[in-house]
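To find a chain, count down the sequence lines: A is the first, B the second, and so on, and within it residues start at 1.
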Amino acid sequence: MEKTAITPIRSENYPEWYQQVIIAADLAENSAVRGCMVIKPWGYAIWELMQKDLDKRFKKTGHVNAYFPLLIPLSYLEKEATHVDGFAKECAVVTHHRLVADGKGGLKPDGELEEPFVIRPTSETIIGESFAKWVKSYRDLPLLINQWANVMRWEMRTRLFLRTSEFLWQEGHTAHASEDEAIQETKQMLEVYAAFAEEVMAMPVIKGEKPCFERFPGAVNTYCIESMMQDCKALQAGTSHFLGQNFAKASGIEFQNKNGSLEHAWTTSWGMSTRMIGGLIMTHSDDNGLVLPPRIAPQQVVIQPIYRNDEQRETVLAYCQQLKLDLEAQHFAGDEIRVLIDDRDIQGGAKSWEWIKKGVPLRVEVGPRDIEKDAVMLSRRDDLSSKQSTPRAELLANAVMFLTQIQDNLFAKAKSFRDSRITEINSQAEFNAFFASEQNIDSGFVLAYAVDEFAIEEYIKPLKVTARCMPLANNDTPGVCIFTGKPASRKMVFAKAY
RNA sequence: CGGGGCGUAGCGCAGUCUGGUUAGCGCACUUGAUUUGGGAUCAAGGGGUCGUGAGUUCGAAUCCCACCGCCCCGACCA
């Protein structure tokens with residue numbers, strides 16, 4: 001059998017493969033703090049690229065960035081009843097404001113706070129407090145704010161990127177004068193997420209609405225984008241919530257309308273997190289490590305100089321530096337092509353594999369033999385057998401096309417993978433059989449008519465299946481709920497999930 | 001918080017049952033030589049409060065007691 005860079009391979013042990021890819025690509029590691037990860041430079045660079053692109057999209061849709069406190073007074077969280085229920089069980093609480101010597105050479109907390117603070121699990125309540133101050137008139141609306149922040153949710157079981165106690169995200173919070181406008185905002189941001197996921201991360205997503213029992217605590221409606229991982233499990237890649245007037249009432253966000261009477265504003269919130277990096281890994285990577293879509297790759301081209309002595313070194317490096325400049329003069333997806341010359345003194349083979357494991361889209365080897373021909377050895381990460389001598393001029397002429405092809409190929413591959421694993425099901429018996437079978441771990445998504453009622457959860461919970469969403473694109477004729485037999489206007493996506 | 005397990009070099013482990021040289025192995029790291037276009041080989045090195053504390057003993061990684069920490073399995077979740 002062919003030697004792979006990652007062991008175990010996906011088919012042997014998918015969860016372990018996932019961990020190994022993260023280690024091999026040097027993306028992140030567990031920290032000394034339980035449940036919290038250290039995001040290493042290669043992983044953080046991916047996050048920075050995500051931030052940069054998303055931030056541009058937020059600005060383009062009229063949002064501005066601001067920053068709100070990490071600590072939320074306990075009483076704020078208590079204001080919205082459903083919200084409390086949703087987050088109470090996973091909050092870190094700050095109860096003291098200083099340390100004193102404990103007499104045993106250590107320190108102990110001292111100065112107990114009158115009112116404890118909660119480390120934000122999300123910021124609806126504290127941002128609501130500000131919004132209430134900022135909004136007086138209909139002329140102050142809409143208020144379109146985003147914040148880039150860390151949040152903390154005290155998780156029992158954690159996995160790098162997918163579920164950590166502290167994670168990085170952005171949370172958009174907006175307030176509007178009308179229900180309709182707030183709903184439009186909610187849907188607009190869902191579209192922004194979907195476009196980002198598909199265009200930049202090359203992750204095909206299903207846009208949908210969460211069933212009532214999967215809603216964000218305190219929301220009227222929750223919309224989401226759902227993606228399929230290579231083990232066929234679903235991953236929620238982004239959410240957008242229509243909060244109605246629930247939080248406006250809880251925080252007192254009121255405005256005077258044109259008639260002079262007071263109304264509660266309509267608010268939304270939406271977020272995407274570092275969890276998406278987990279999704280990126282599980283969508284594209286293979287048994288040789290990470291595979292990065294070029295648009296999210298910290299380096300798009302890595303040049304490996306090859307030489308045996310100082311004399312060759314000088315010639316080869318000069319050639320590489322010029323090649324780097326020529327590549328950087330070109331633009332892919334609006335940015336200079338990102339090129340790195342890896343001149344570290346380690347063995348060539350090991351170096352190649354390192355960049356393969358890190359998922360760099362294009363690898364270029366340049367040695368004296370290539371320079372004689374004015375060519376390079378080029379290989380593509382999406383096809384490791386592609387390594388071949390390529391004239392320098394050809395590389396320069398086609399670099400952008402290669403990156404575009406890789407980006408498109410990864411998306412197309414992921415999309416056909418997903419599309420071939422969506423099964424329509426028309427009866428509960430069929431549904432149970434589908435998910436009951438242990439062999440059906442890689443069985444994919446099920447699409448079936450179901451009513452949007454809490455009762456549905458009881459049918460699917462024993463199977464460890466979750467209702468992911470009701471796809472917005474669903475334009476099917478009305479049918480019958482496979483669980484309750486009631487008329488159902490929409491189909492629902494069911495899957496095992498992360 | 002319930003059930004199980006583990007703390008020995010950066011990582012992975014052996015040694016503990018049955019106390020006894022200078023605590024060992026693999027990977028990684030450093031140096032040198034030979035190599036080098038798909039994951040090198042050989043040689044020589046560096047690195048340890050054996051989780052912490054208190055005991056038993058001539059002698060403790062090993063036995064006793066207490067404490068601390070971590071991991072896995074269950075209820076929650078972007």
Quick one: sort the A/His241 and A/Phe216 rings into parallel, tilted or perpendicular, breaks at 30° and 60°. parallel
Hey, can you tell me if A/Trp169 and A/Phe167 have their rings parallel, tilted or perpendicular (30° and 60° cut-offs)? perpendicular
Assign [X] to base, sugar-phosphate, or nothing according to its heavy-atom contacts below 4.0 angstrom with the strands shown.
X        : value
A/Gly348 : nothing
A/Leu162 : base
A/Glu365 : base
A/Pro368 : base
A/Ile356 : nothing
A/Thr222 : nothing

Give the rounded distance in Å between these two atoms: [atom1] of [X] and [atom2] of [N].
X        : N     : atom1 : atom2 : result
A/Ile346 : B/A28 : CD1   : P     : 13 Å
A/Met152 : B/A78 : CE    : C1'   : 14 Å
A/Gln19  : B/C11 : CD    : P     : 17 Å
A/Gln170 : B/A78 : CD    : C1'   : 11 Å
A/Gln20  : B/G12 : CD    : P     : 12 Å
A/Leu280 : B/A78 : CG    : C1'   : 16 Å
A/Asp345 : B/U35 : CG    : P     : 16 Å
A/Leu378 : B/G38 : CG    : C1'   : 15 Å

Salt bridge (charged side-chain N to carboxylate O under 4.0 Å, His left out) assessment of A/Lys79 paired with A/Glu129: CA-CA 11 Å; A/Lys79 286 178 184 174; A/Glu129 190 70 12; 3.0 Å; yes
If I pick the [atom1] atom on [M] and the same atom on [N], what distance separates them, to the nearest angstrom?
N     : M     : atom1 : value
B/G7  : B/C67 : C1'   : 14 Å
B/G46 : B/C25 : P     : 13 Å
B/C63 : B/G69 : C1'   : 23 Å
B/G55 : B/G48 : P     : 27 Å
B/U22 : B/C13 : P     : 28 Å
B/U16 : B/C64 : C1'   : 14 Å
B/G24 : B/U35 : C1'   : 31 Å
B/A61 : B/G20 : P     : 10 Å

[N]: pairing nucleotide in any strand, Watson-Crick or G-U under 3.5 angstrom:
N     : answer
B/C70 : B/G5
B/G26 : B/C11
B/U62 : none
B/C50 : none
B/U31 : B/A43
B/G38 : none
B/U18 : none

Atom [atom1] of [X] with >12 non-hydrogen neighbours under 6.0 angstrom:
X        : atom1 : answer
A/Asn309 : CG    : yes
A/Lys324 : NZ    : yes
A/Glu48  : CD    : yes

Option among A/Leu280, A/Thr283, A/Leu162 that satisfies the side-chain contact (heavy atoms from CB on, under 4.5 Å) test with A/Leu235: A/Leu162
Name the one of A/Ile6, A/Asp231, A/Asp286 that satisfies side-chain contact (heavy atoms from CB on, under 4.5 Å) with A/Trp17? A/Ile6
Where at least one partner belongs to residues 294-314 of chain A, residue pairs that pass ring-ring contact (aromatic ring centres under 6.0 Å, His included), sequence neighbours excluded: none
Are any non-hydrogen side-chain atoms of A/Gln304 and A/Met377 less than 4.5 angstrom apart? no
Just wondering, do A/Trp270 and A/Leu190 contact through their side chains at under 4.5 Å, heavy atoms? no
Polar atom pairs (N or O), protein with nucleotides 70-76 of chain B, under 3.5 Å:
from	atom 1	to	atom 2	distance (Å)
B/C73	OP1	A/Arg157	NH1	3.4
B/C73	OP1	A/Arg157	NH2	3.0
B/C73	OP2	A/Arg157	NE	3.0
B/C73	OP2	A/Arg157	NH2	3.0

Residue whose closest nucleotide on RNA chain B lies nearer the 5' end, A/Tyr498 versus A/Leu384: A/Leu384
Taking the nucleotide of RNA chain B with the closest heavy atom to each, which residue, A/Val376 or A/Ser273, is nearer the 5' end? A/Val376
What do you reckon, do A/Phe167 and the base of B/A78 stack, with centroid distance below 5.5 Å and planes below 30°? yes
Would you say the side-chain atoms of A/Lys358 and A/Gln299 include a donor-acceptor pair closer than 3.5 Å? no
When you measure from the side chain of A/Asp370, which nucleotide among B/U36, B/G37, B/A78 comes out closest? B/G37
Can you give me the N/O atom pairs linking the protein to nucleotides 39-46 of chain B at distances under 3.5 Å, or say none if there are none?
from	atom 1	to	atom 2	distance (Å)
B/G39	N7	A/Lys3	NZ	3.4
B/G39	O6	A/Thr4	O	3.2
B/G39	O6	A/Ala5	N	3.0
B/G39	N2	A/Lys357	NZ	2.7
B/A40	OP1	A/Gln347	OE1	3.2
B/A40	OP2	A/Gln347	OE1	2.9
B/A40	N7	A/Gln347	OE1	3.0

